[in-house]
Number of protein chains: 2
Amino acid sequence: MKWDDLKSEPCPVARGLSVIGDRWTMLVLRDCFLGVRRFEQMQERLGITRHVLADRLRKLESDGVLRREAYQERPLRHEYRLTDKGKALYPVLVTLTAWAEEHVPPEKKSSMTLLSRDTGEVLEPILTDAKTGQRITHRNAVARRNID
Amino acid sequence: MKWDDLKSEPCPVARGLSVIGDRWTMLVLRDCFLGVRRFEQMQERLGITRHVLADRLRKLESDGVLRREAYQERPLRHEYRLTDKGKALYPVLVTLTAWAEEHVPPEKKSSMTLLSRDTGEVLEPILTDAKTGQRITHRNAVARRNID
DNA sequence: ATTAGTCAGTTCCAAAAAAGAACTTTCTAT
DNA sequence: ATAGAAAGTTCTTTTTTGGAACTGACTAAT
């Protein structure tokens, strides 16, 4: 199976992975959420090869997750910014972060905490149902495939 | 940079990706959550090559996400099951699913819905703070690196 | 007016990983 | 004896990476 074949799968997990299911893509997006916008900065921070970075940025742009915007002319230079579609990936980053903080301890003690921008309090992200507020776990939820 | 180097990164996103940041790994885990436990079944459902599947299962086992359990002897046969660490990945799958359902439409209309196991109602998964119940978005949350 | 530096890539080659298909081993069932 | 299943392994070919150098269009410093 190839990358683009995943796009037409009925399973949303597969479709999602067709966009972000790559070793580097999520790290690029993490940097975008941290405010990194330029090629050079990303390349240096990530230690990714320039070739692969250029490729991933192209792919993310064509998938509508990032948009390329000129921030100067002469010489023409572009930066990459998250689109709304890209920003909507935030919960995926957060849940992944929360999982890794709990289950994949770093060698050196060091960690990340999510804080409320308003109150500065530490946030503990959990998944709930928008309507009832009930917590969602693999125990009390089940996926159904809709046949149209 | 290599796979295992990611494990020692301070950033939890990188550490998380060292375990699940692979084209196939999340699809394998999706199947695990759907109850698929055997090599042959996975191989057929995913269309993954046997070689890569064997490799990914080995890796997931050594990372403590799956465990290999004998379900018969003569001939000895094993199946793969999610550990608690693996089950804790559920929110990542769910947020990815929700994102893809909204932003990566399938070519043929077809989709998945998450239902409550208790009430059968459709669930709309959102990210909230366990303490306050406030919704978490990239707008009202900020990551802080803890220096120990 | 050279020289150095920045940025966003591209080009080239070697090394690693994945695809695809056949083969193996240890059984059970016909 | 023959066929089939399960869980891999082995082999070869194709793709993807990694690593490093190079390009083009400027700008700033000497």
Side-chain angles (χ1 to χ4, degrees), chain A residues 1-9 14 17-29 31-32 35-63 66-82, chain B residues 1-7 9 14 17-29 31-32 35-63 66-81:
Chain A
M1 199 184 295
K2 278 162 202 160
W3 268 114
D4 290 338
D5 297 348
L6 283 176
K7 277 212 171 63
S8 50
E9 287 275 307
L17 290 173
S18 76
V19 179
I20 59 160
D22 171 82
R23 198 209 300 229
W24 288 114
T25 300
M26 287 289 270
L27 290 173
V28 169
L29 291 174
D31 272 13
C32 290
V36 179
R37 292 180 179 152
R38 304 204 182 155
F39 191 93
E40 291 295 314
Q41 267 179 92
M42 291 187 191
Q43 198 273 319
E44 192 175 359
R45 289 172 51 91
L46 297 175
I48 187 177
T49 62
R50 310 174 72 75
H51 191 0
V52 173
L53 177 58
D55 186 74
R56 292 305 178 277
L57 288 171
R58 246 193 306 273
K59 182 136 49 186
L60 284 168
E61 196 201 347
S62 87
D63 281 334
L66 298 180
R67 65 168 185 279
R68 206 155 150 267
E69 256 181 31
Y71 67 90
Q72 67 171 40
E73 323 213 338
R74 11 201 55 81
L76 188 56
R77 289 282 179 274
H78 296 96
E79 61 181 15
Y80 295 88
R81 287 159 166 274
L82 289 161
Chain B
M1 197 184 300
K2 278 161 199 161
W3 268 112
D4 290 337
D5 298 347
L6 283 176
K7 277 209 173 62
E9 289 273 311
L17 290 173
S18 76
V19 179
I20 60 160
D22 172 83
R23 199 208 299 231
W24 288 113
T25 301
M26 288 290 270
L27 290 172
V28 169
L29 291 174
D31 272 12
C32 290
V36 178
R37 293 182 178 150
R38 304 206 181 156
F39 191 95
E40 291 294 316
Q41 266 179 92
M42 290 186 192
Q43 200 273 320
E44 192 175 0
R45 286 173 51 92
L46 297 175
I48 189 177
T49 62
R50 309 176 72 77
H51 191 357
V52 174
L53 178 57
D55 186 76
R56 294 303 178 276
L57 289 171
R58 245 194 306 275
K59 180 134 50 187
L60 284 168
E61 196 201 349
S62 87
D63 282 332
L66 297 180
R67 66 169 183 278
R68 206 154 149 268
E69 255 180 33
Y71 66 89
Q72 68 171 38
E73 321 213 338
R74 5 205 59 80
L76 187 56
R77 290 283 180 271
H78 296 96
E79 62 182 13
Y80 295 88
R81 285 159 167 274

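Residue numbering restarts at 1 for every chain, and letters A, B, ... go by the order of the sequence lines.
- Of the two residues contacting DNA chain D, namely B:Gln72 and A:Arg56, the nearest-nucleotide position lying further toward the 5' end is that of B:Gln72.
- Atoms CG (B:Leu46) and P (C:dA19) sit 11 Å apart, rounded to a whole Å.
- At least one side-chain heavy atom of A:Leu29 sits less than 4.5 Å from a side-chain heavy atom of A:Leu60.
- Between B:Arg58 atom CZ and B:Asp63 atom CG the span is 13.0 Å, to the nearest 0.5 Å.
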Return all side-chain donor-acceptor pairs below 3.5 angstrom for residues 67-75 of chain A, not counting sequence neighbours, or 'none' if the list is empty.
from	atom 1	to	atom 2	distance (Å)
A:Arg67	NE	A:Glu69	OE2	2.7
A:Arg67	NH2	A:Glu69	OE2	3.4
A:Arg68	NE	A:Tyr80	OH	3.3
A:Arg68	NH2	A:His78	ND1	3.2
A:Gln72	NE2	A:Pro75	O	3.0

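- A:Ile48 has its side chain out of reach of A:Leu27: every pair of non-hydrogen atoms, C-beta onward, lies at least 4.5 Å apart.
- In this structure, the side chains of B:Met42 and B:Arg50 stay at 4.5 Å or more apart for every pair of heavy atoms.
- Interface limits on DNA chain D: the 5'-most and 3'-most nucleotides within less than 4.0 Å of chain A heavy atoms are D:dT17 to D:dT27.
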(message) Output one letter per nucleotide in nucleotides 2-16 of chain C: B when a protein non-hydrogen atom lies under 4.0 Å from the base, S when only the sugar-phosphate is that close, - when neither is.
(response) -----BBBB-B----

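- Between B:Thr25 and B:Val19 there is no side-chain heavy-atom pair separated by less than 4.5 Å.
- Atom OG1 of B:Thr49 sits about 8.0 Å away from atom CH2 of B:Trp24, to the nearest 0.5 Å.
- Around atom CD of B:Glu44, no more than 12 heavy atoms belonging to other residues, nucleotides or ligands sit under 6.0 Å away.
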